[in-house]
K.L.:
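Quick one: the structure is below, questions incoming.
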There are 2 protein chains.
Amino acid sequence: MPKAQPPATAEELRHAILERHGSLSKRLQQIARYVLDEPNELAIETLSVIAERAGVQPSAIVRFAKEFGYPGASQMQRVFRDNLLSGNAAIGYGERVRHFNAGLSRRKGGGHAEVLAEFIEGNSLALHNLAQTISEAQLAEAVDLIDKAETVFVAGFRRSFPVASYLAYSLQQVNKRTMFVDGVGGLGKLQAQTIGRKDVLIAVSYQPYAGETIEAAEQAAARGAKILSISDSLVSPISKLATVVLQVRESEVRSFRSLAASICLAQALVIDLAFESTRAERRPRRGRAT
Amino acid sequence: MPKAQPPATAEELRHAILERHGSLSKRLQQIARYVLDEPNELAIETLSVIAERAGVQPSAIVRFAKEFGYPGASQMQRVFRDNLLSGNAAIGYGERVRHFNAGLSRRKGGGHAEVLAEFIEGNSLALHNLAQTISEAQLAEAVDLIDKAETVFVAGFRRSFPVASYLAYSLQQVNKRTMFVDGVGGLGKLQAQTIGRKDVLIAVSYQPYAGETIEAAEQAAARGAKILSISDSLVSPISKLATVVLQVRESEVRSFRSLAASICLAQALVIDLAFESTRAERRPRRGRAT
DNA sequence: AACGAATTGGAATATTCATTCTACGCGCCG
DNA sequence: CGGCGCGTAGAATGAATATTCCAATTCGTT
């Protein structure tokens, strides 16, 4: 049932969609979601491109537009285009385009957004720094270590816990046998006690190093397991015991260190491993489960 | 005399135009000026519209594009579109992410460092995108919500778990009364059951939305608690119930979405809260004046 | 002033794109 | 269990748009 008056601005349309989202058909909801999530795509790309990305038929988008009162999809696009333009409208390059400095630092004294911007900046720096501190060889070693392990144990507490949990989760996602030493119920020590010679412990730790992690590492070392340390220092108590150390320098803003770089590294590690495994599938030996 | 290699970015094209401006024909200079002055128009409008506004023939614009090495005017437009989007960041992002997804499958995958570099790039993009999708107002609302809460409950499972655990950890660090709904021992439901009218639930969730989180959100809503949703969509099951939604667009490579942006947001949220509390300490009581 | 080369305007053409339409599939209700 | 209606996919259509081409004009040169 098309409305008589189509929303004239992107904001209005957004509201309208949110309001009616529940009562739309499945396919239309799918489109609604895409429209909400990717307004700029909608503004610029052609209908068929949008359709493909949203996983629907072009005609479905036309129907969607009509559902909200537009005569056609093009008119709906216009709304988003205008919105996009007005957002950027301030950028008026004159004939004197000598200003190649697109001023990116907008100083709003406001506070909230500034904090966010600061962290974004900091994490961005940390990420790029990561590329320089981690060498290809190190990464390859680390992946190889994990790939060859029968079972991977992951340990990390306090500040490192999110990184460890991410690692444990995604390793399982790529079908690596993984044991997350989460220390629930004070069982951390026991969990790590079953580690064996063919296994690997990934120990994530940052200053101040959690006692549990150190313990786990010591135990692993004692039982002949390999250790991969993800840490902020090469000489941390854990790194000393490690076979391979991946050093991450996190950004620190107002004495709060971030984790973005570590998460990124963890992610790259796991995906890289997934590639490695895929390649390894062709090889007869070492039949890891898919 | 068409150049062999057309400028691939708007900035390059601007350079090229400025350089050759003097040696262009009158009509071509006219177009050059328009291109420099109104890049946005060029990005979005159709050729004939642009021609009319610039006071030239459509064919002249095609000629202009060819002059700079493009096979047609459309290809030149694409350059400006990409630029517009990456400037606005909301989808220059999607476009680029799509690019290295394509690139990933093409490359042999031999380079470990390459994978890392791609994730760094992807996360970097996601971070910058974050700055644009989260408005100061939203952040302020979210902080306010948390600040006023008696107890903060944090829920997030599977992929969202690292983010949730980070939030829980750092909220406690800044002395906020926090309850981490971690679902250990299948007690998730019970943990969330004690939530009250004065409390806030921070629900972190991404597709596919974990049932436990949805349950927790429903319970919270039923008991009259406020909900802050950190999610990838405005219409996710959790976001629908939420008082405030912070939408995060993560980078995605090979169906592995990252978490760096979410971690960054979480961090900013907590630190921002810490400032807020510090300021509030001077004032009589917990209740902040709105 | 006249010729030639370069440039331009505008119609003709080819291509791409949005939209419409029809037949099919699915779920709902009798 | 069978019919009915909504929703959907996909091809056909028609419109709009980009591009090409050629004749007309301007500009520079001798």
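All chains are named by letter (A, B, ...) in the order of the sequence lines, taking the proteins before the strands, and each is independently numbered beginning at 1.
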K.L.:
Rounded to whole angstrom units, what separation is found between the OH atom of A:Y70 and the C1' atom of C:dA18?
P.N.:
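So the two atoms are 17 Å apart, to the nearest Å.
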
K.L.:
Write down the distance between CD (A:E45) and C1' (C:dT16), rounded to a whole number of angstrom.
P.N.:
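Going from CD in A:E45 over to C1' in C:dT16 covers 15 Å.
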
K.L.:
Can you work out whether B:L47 or A:K26 has the more 5'-proximal nearest nucleotide on DNA chain D?
P.N.:
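Its nearest nucleotide being more 5', the pick is A:K26.
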
K.L.:
Do the charged groups of A:R20 and A:E67 touch, with an N to O distance under 4.0 Å?
P.N.:
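Yes, charged N to carboxylate O under 4.0 Å.
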
K.L.:
Holding to ring pair (Phe, Tyr, Trp, His ring centres under 6.0 Å), I want the full list of residues that pass it with B:F64, two or more places apart in sequence or in another chain.
P.N.:
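Ring pair (Phe, Tyr, Trp, His ring centres under 6.0 Å) list for B:F64, sorted by chain: B:F68.
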
K.L.:
With heavy atoms under 4.0 Å as the rule, sort B:S59 into base, sugar-phosphate or nothing.
P.N.:
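It contacts base atoms.
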
K.L.:
Just the rounded figure in Å: distance from C1' of C:dG27 to CZ of A:R27.
P.N.:
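Rounded to whole Å, this separation is 15 Å.
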
K.L.:
Which is more 5' along DNA chain D, the nucleotide nearest A:S25 or the one nearest B:T46? Just name the residue.
P.N.:
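Closer to the 5' end of DNA chain D: A:S25.
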
K.L.:
Roughly how many Å is it from CD in B:Q75 to C1' in C:dT15, rounded to a whole number?
P.N.:
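These atoms are roughly 13 Å apart.
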
K.L.:
Nearest whole Å is fine: how far is C:dT19 P from A:R63 CZ?
P.N.:
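From A:R63 CZ to C:dT19 P: 13 Å.
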
K.L.:
Could you tell me which residues satisfy side-chain contact (heavy atoms from CB on, under 4.5 Å) with A:S48, sequence neighbours excluded, listed by chain and number?
P.N.:
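A:T46.
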
K.L.:
For B:Q57 and C:dG10, is the shortest distance between a side-chain N/O and OP1 or OP2 below 4.0 Å?
P.N.:
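Result: yes.
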
K.L.:
Please identify the 5'-most and 3'-most nucleotides of DNA chain D with any atom under 4.0 angstrom from a heavy atom of chain B.
P.N.:
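On DNA chain D, the outermost contacted nucleotides are D:dT17 to D:dT20.
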
K.L.:
Looking at B:E45 and A:R81, is there a salt bridge between them, counting it only when a charged N and a carboxylate O are closer than 4.0 Å?
P.N.:
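Salt bridge flag = no for B:E45 with A:R81.
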
K.L.:
Within this structure, what is the CG-CD distance for the pair B:L130 and B:E250, rounded to the nearest 0.5 Å?
P.N.:
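Rounded to the nearest 0.5 Å, the CG-CD separation comes out at 8.5 Å.
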
K.L.:
Do you know which two heavy atoms are closest between B:A220 and B:L201, and how far apart they sit?
P.N.:
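Result for this residue pair: CB-CD2, 3.8 Å.
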
K.L.:
Provide, to the nearest angstrom, the distance between the CE atom belonging to A:M76 and the C1' atom belonging to C:dA18.
P.N.:
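Taking CE of A:M76 and C1' of C:dA18, I get 12 Å after rounding.
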
